[in-house]
Amino acid sequence: MTSKRTRERLVSRLREQGIDDEAVLQVMRDTPRHIFIDEALSHRAYEDTALPIGYNQTISQPYIVARMTEVLLQDGPVSRVLEVGTGSGFQTAILAQLVDQVFSVERIRPLQEKARQRLQVLKLRNAQLLHTDGGMGWPSKAPFDGILVAAAPDEVPPELLQQLAIGGRLVIPVGGGSQELRLVRRLDEETFDTQVLEACKFVPLLSGTVR
Ligand code: SAH
């Protein structure tokens with residue numbers, strides 16, 4: 001299940017789908033995705049598919065985790081990253097191995113607590129977690145060089161744009177029914193450049209928190 005061959009097969013699949021950042025491929029290979037999934041499903045951990053993690057949420061598909069990470073990093077090293085929607089913590093773990101500091105917010109407390117334990121097991125100490133409505137970002141830790149959003153709003157929340165550093169990059173799924181993955185770059189104080197990358201499918205960005 002967790003054999004080297006199984007993980008190599010996943011990495012080959014990611015390559016076939018166009019992921020070519022070697023650092024990203026390496027952390028995708030080396031990070032144990034099975035510990036981010038309930039035991040009953042862990043035999044499917046290295047399939048390229050989203051899986052349920054409870055509370056109507058899913059751990060994202062490995063392809064989209066790799067793709068968003070690659071897009072976030074493709075202009076060079078990134079120091080401080082905000083992640084909205086910690087979920088299982090898998091994407092958090094990937095980011096923590098590639099950037100200096102990760103600030104990750106989650107609105108469902110029990111998911112956040114499990115994610116925290118997993119990150120501790122992996123000794124990833126450069127990720128800080130907060131239980132909050134992430135549509136508002138994490139103002140006290142802003143500005144961020146990168147923001148990665150793992151749940152889809154109907155429109156890009158202005159609070160997130162404001163928390164982006166000049167030169168910073170926001171990767172975010174947008175839309176209700178059909179969604180598109182967008183890259184928004186902040187060029188200066190008031191200029192933002194938006195690129196549509198591809199179609200995608202995320203759970204919705206919801207407001208409020210769950211204890
Ligand atoms: N990358 C994560 C994805 C989890 S799914 C993983 O692979 O595990 C998206 C997560 O976003 C869910 O856990 C959901 O609860 C969370 N979420 C949705 N709306 C949110 C909001 N406004 N603030 C914070 N988290 C939110």
Side-chain angles (χ1 to χ4, degrees), residues 10 14 19 24 27-28 31-38 41-42 44-72 81-99 102-119 121-122 124 127-142 144 146-161 163 170-176 179 181 200-211:
L10 174 60
L14 296 177
I19 307 297
V24 172
V27 296
M28 290 297 297
T31 307
R33 191 168 180 257
H34 62 277
I35 73 163
F36 292 86
I37 297 170
D38 285 344
L41 284 173
S42 61
R44 302 187 56 193
Y46 299 94
E47 290 176 18
D48 187 23
T49 178
L51 293 166
I53 54 173
Y55 305 89
N56 269 328
Q57 304 304 321
T58 53
I59 180 171
S60 307
Q61 182 193 3
Y63 164 73
I64 202 75
V65 170
R67 176 77 176 124
M68 290 174 91
T69 308
E70 181 174 83
V71 169
L72 200 73
V81 172
L82 171 69
E83 177 190 34
V84 178
T86 314
S88 67
F90 179 69
Q91 170 83 72
T92 323
I94 297 296
L95 287 170
Q97 295 170 82
L98 293 164
V99 307
V102 184
F103 302 89
S104 184
V105 296
E106 170 57 55
R107 64 183 287 276
I108 302 177
R109 169 89 76 187
L111 287 179
Q112 189 215 14
E113 280 167 1
K114 274 196 203 170
R116 190 188 300 285
Q117 287 165 11
R118 292 163 177 148
L119 294 167
V121 168
L122 296 181
L124 295 170
Q128 290 183 47
L129 307 188
L130 182 70
H131 178 230
T132 189
D133 177 351
M136 305 294 153
W138 191 339
S140 65
K141 302 291 184 186
F144 302 101
I147 302 180
L148 187 155
V149 184
D154 288 334
E155 284 306 330
V156 176
E159 290 83 358
L160 297 185
L161 294 174
Q163 289 172 37
L170 164 67
V171 188
I172 184 168
V174 180
Q179 300 170 0
L181 188 64
C200 60
K201 194 168 172 4
F202 281 82
V203 296
L205 188 81
L206 301 174
S207 55
T209 56
V210 178
R211 299 224 134 247

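Both counts, for ligands and for their atoms, begin at 1 and track the order of listing.
- Across A150, G87, A152, heavy-atom proximity to atom 9 (C) of ligand 1 is greatest for A150.
- If you check which protein heavy atom lies closest to atom 8 (O) of ligand 1, you get S88 OG, 2.7 Å.
- Nearest to atom 2 (C) of ligand 1 by heavy atom, out of T86, I59, L130, is T86.
- At the top of the distance list for atom 20 (C) of ligand 1, counting protein heavy atoms only, stands R107 CD, 3.3 Å.
- Heavy atoms of A151 found under 4.0 angstrom from ligand 1 belong exclusively to the side chain.
- For D38, the salt bridge (Lys or Arg N to Asp or Glu O under 4.0 Å) partners are K114, not counting sequence neighbours.
- Of the polar atoms of L205, none of the N or O atoms is found under 3.5 Å from an N or O of ligand 1, judged by distance alone.
- The closest approach between any non-hydrogen atom of T92 and ligand 1 is not below 4.0 Å.
- The closest heavy-atom contact to atom 7 (O) of ligand 1, among the options S60, S104, P62, comes from S60.
- Atom 13 (O) of ligand 1 has as its closest protein heavy atom E106 OE1, 2.7 Å.
- For ligand 1, the atoms lying closer than 4.0 Å to a non-hydrogen atom of V203 are 5 (S), 9 (C).
- Between the side chains of T69 and Q91, at least one donor-acceptor pair of N or O atoms lies under 3.5 Å.
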Legend entry - From CA spacing to verdict: side-chain hydrogen bond (donor to acceptor under 3.5 Å, both in side chains), T49, Q61: CA-CA 4 Å; T49 178; Q61 182 193 3; over 6 Å; no
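- Of all protein heavy atoms, the one lying nearest to atom 19 (N) of ligand 1 is L206 N, 3.0 Å.
- Ranking protein heavy atoms by distance to atom 23 (N) of ligand 1, first place goes to G134 N, 2.6 Å.
- Between the side chains of S104 and E83, a donor-acceptor pair is found at a separation under 3.5 Å.
- Contact annotation: S207 has no heavy atom less than 4.0 Å from any atom of ligand 1.
- Among residues at least two apart or in separate chains, salt bridge (Lys or Arg N to Asp or Glu O under 4.0 Å) pairs with a member in residues 45-71 are R13-D48, R44-E47, R67-E70, R67-E198.
- The shortest contact between atom 4 (C) of ligand 1 and any protein heavy atom is with T58 O, 3.1 Å.
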